[in-house]
Amino acid sequence: MNGFVPYPVRDTFRLIEPGPTVLISTSDGTRDNLMTNAFNMPVRHDGILAVVVGTWDASFATLQASRQCVIGIPGPELMRTTVQVGNCSGDDLDKWEHFGLTRVPGVNVAAPLIGECMANIECKVEDDSLVEEYSLWLLRTTAAWVRPDADLTAEFHHRGNGTFSTNGELHDLREQMTKWKYFSN
Ligand SMILES: Cc1cc2nc3c(=O)[nH]c(=O)nc-3n(C[C@H](O)[C@H](O)[C@H](O)COP(=O)(O)O)c2cc1C
């Protein structure tokens, strides 16, 4: 599918657990939007994820109305674009056109996958009971996609003050994960 291959829903926690800076794609059916998100986490091993999307984002209203989104995981070549996507509002411009990003149709949601990302996770809102107090959306993965040639360890991380880090050496401690063998293959 436009260069993406399916990725197991039960493994999507592995895409989010390292703490990537992500792009969130939403659509109201006529207008597609993008925002940058760094407050995200896996919640359960069956594809439940959580993201903070606040009322200060135009994406909030779209997520609230559509109850679905796509989480795209960019590689380091998209670092500057990712910051710039987070500096402007979809109310003022079409970020897809402005940043030259490619819409790829998903299978379960109207929001497009982001063609330039390493991975894309299609999500539906599972629980919004923490949104009012914490802007925290619990999402259920309905499908996930990766580029077969992508280095999925190449996500980048926002360090909270406008500085970003990429990954250095990978430390393989799988043989020590004795209680958690299931998650160590
Ligand atoms: C590095 C970075 C991380 C961000 N993380 C979040 C986040 O976790 N949650 C959030 O609501 N906004 C976050 N933002 C801000 C939104 O991306 C920003 O408000 C954006 O303009 C929203 O776009 P929209 O108004 O078109 O939805 C972040 C911005 C940057 C640059």
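Whatever order the structure lists them in is the order used to number ligands and atoms, beginning at 1.
Within the listing of ligand 1, atoms 25 (O), 26 (O) sit less than 4.0 angstrom from a heavy atom of Ser89. Taking every non-hydrogen atom of Gly90 and a distance limit under 4.0 Å, the qualifying atoms of ligand 1 come out as 24 (P), 26 (O). Those atoms of ligand 1 that come under 4.0 Å of a heavy atom in Val52, given as number and element, are 7 (C), 8 (O), 9 (N), 10 (C), 11 (O). Close approach to Ala58 involves these atoms of ligand 1, each under 4.0 Å from a residue heavy atom: 24 (P), 25 (O), 26 (O), 27 (O). In the vicinity of Phe39, heavy-atom distances shorter than 4.0 Å reach the ligand 1 atoms 8 (O). Shown in contact with Asn33 at under 4.0 Å from a heavy atom are these atoms of ligand 1, numbered in order with element: 24 (P), 26 (O), 27 (O). Counting atoms of ligand 1 from 1 in the listed order, those under 4.0 Å from a heavy atom of Trp56 are 10 (C), 11 (O), 12 (N), 19 (O). Taking a cut-off of under 4.0 Å to the non-hydrogen atoms of Asn37, the atoms of ligand 1 that pass are 5 (N), 6 (C), 7 (C), 8 (O), 9 (N).
When heavy-atom distances to ligand 1 are checked against a 4.0 Å cut-off, Phe156 has no atom that comes that close, whether in backbone or side chain. Contacts with ligand 1 closer than 4.0 Å are made by backbone heavy atoms (N, CA, C, O) of Cys88 only, the side chain lying farther away. Contacts between Val53 and ligand 1 below 4.0 angstrom, taking non-hydrogen atoms only, involve the backbone exclusively. Neither the backbone nor the side chain of Val51 has a heavy atom within less than 4.0 Å of ligand 1.
Polar contact with ligand 1: absent for Phe164 (N/O pair, distance under 3.5 Å). In terms of polar-atom proximity, Thr82 is not counted as a contact of ligand 1, lacking any N or O under 3.5 Å from an N or O of the ligand. Residue Lys95 places at least one N or O, backbone or side chain, under 3.5 Å from an N or O of ligand 1. Any N or O atom pair closer than 3.5 Å counts here, and Asp91 shares no such pair with ligand 1.
Salt-bridge annotation for Arg103 and Asp32: present, with a side-chain N of the basic residue lying under 4.0 Å from a carboxylate O of the acidic one.
Scanning the protein heavy atoms around atom 22 (C) of ligand 1, the nearest turns out to be Asp57 OD1, 3.3 Å. Ranking the protein heavy atoms by distance from atom 5 (N) of ligand 1 puts Ala38 N, 3.1 Å first. Of all protein heavy atoms, the one closest to atom 31 (C) of ligand 1 is Val83 O, 3.9 Å. For atom 27 (O) of ligand 1, the nearest protein heavy atom (residue, atom name, distance) is Ser59 OG, 2.5 Å.
In this structure, the side chains of Cys117 and Leu23 come closer than 4.5 Å at one or more pairs of heavy atoms. Counting heavy atoms from C-beta on, the side chains of Val83 and Arg80 never come closer than 4.5 Å. Counting only heavy atoms from C-beta outward, the side chains of Val43 and Leu49 never approach each other to under 4.5 Å.
Nearest-heavy-atom check against atom 17 (O) of ligand 1 across Thr36, Leu63, Thr55 picks out Thr36.
Of all heavy-atom pairs spanning Ala58 and Asn33, the tightest one is CB-ND2, 4.1 Å. Here the closest heavy-atom approach between residue Pro76 and residue Thr166 is recorded as CB-CG2, 4.3 Å.
A side chain to side chain contact (heavy atoms under 4.5 Å, CB included) with Leu136 is found for exactly one of Asp128, Val52, Asn40, namely Val52.
The closest approach between any non-hydrogen atom of Phe60 and ligand 1 is not below 4.0 Å.
No hydrogens or angles considered: nothing links the side chains of Trp137 and Glu126 as a donor-acceptor pair under 3.5 Å.
There is a path of hydrophobic side-chain contacts, each under 4.5 Å, that joins Ile71 to Val146. When hydrophobic clusters are built by joining Ile, Leu, Val, Met, Phe, Trp and Tyr residues whose side-chain heavy atoms come closer than 4.5 Å, directly or via intermediates, Met35 is grouped together with Phe60.
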Test log, rule side chain to side chain donor-acceptor pair (under 3.5 Å), inputs His157 and Asn167: CA-CA 9 Å; His157 313 272; Asn167 295 319; 2.9 Å; yes
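Within a 6.0 Å sphere centred on CD of Glu132, other residues, nucleotides and ligands contribute 12 heavy atoms or fewer.
Note that Arg147 lies in the cation-pi zone of Phe4, set by a 6.0 Å cut-off to the ring centre and a 45° limit from the axis.
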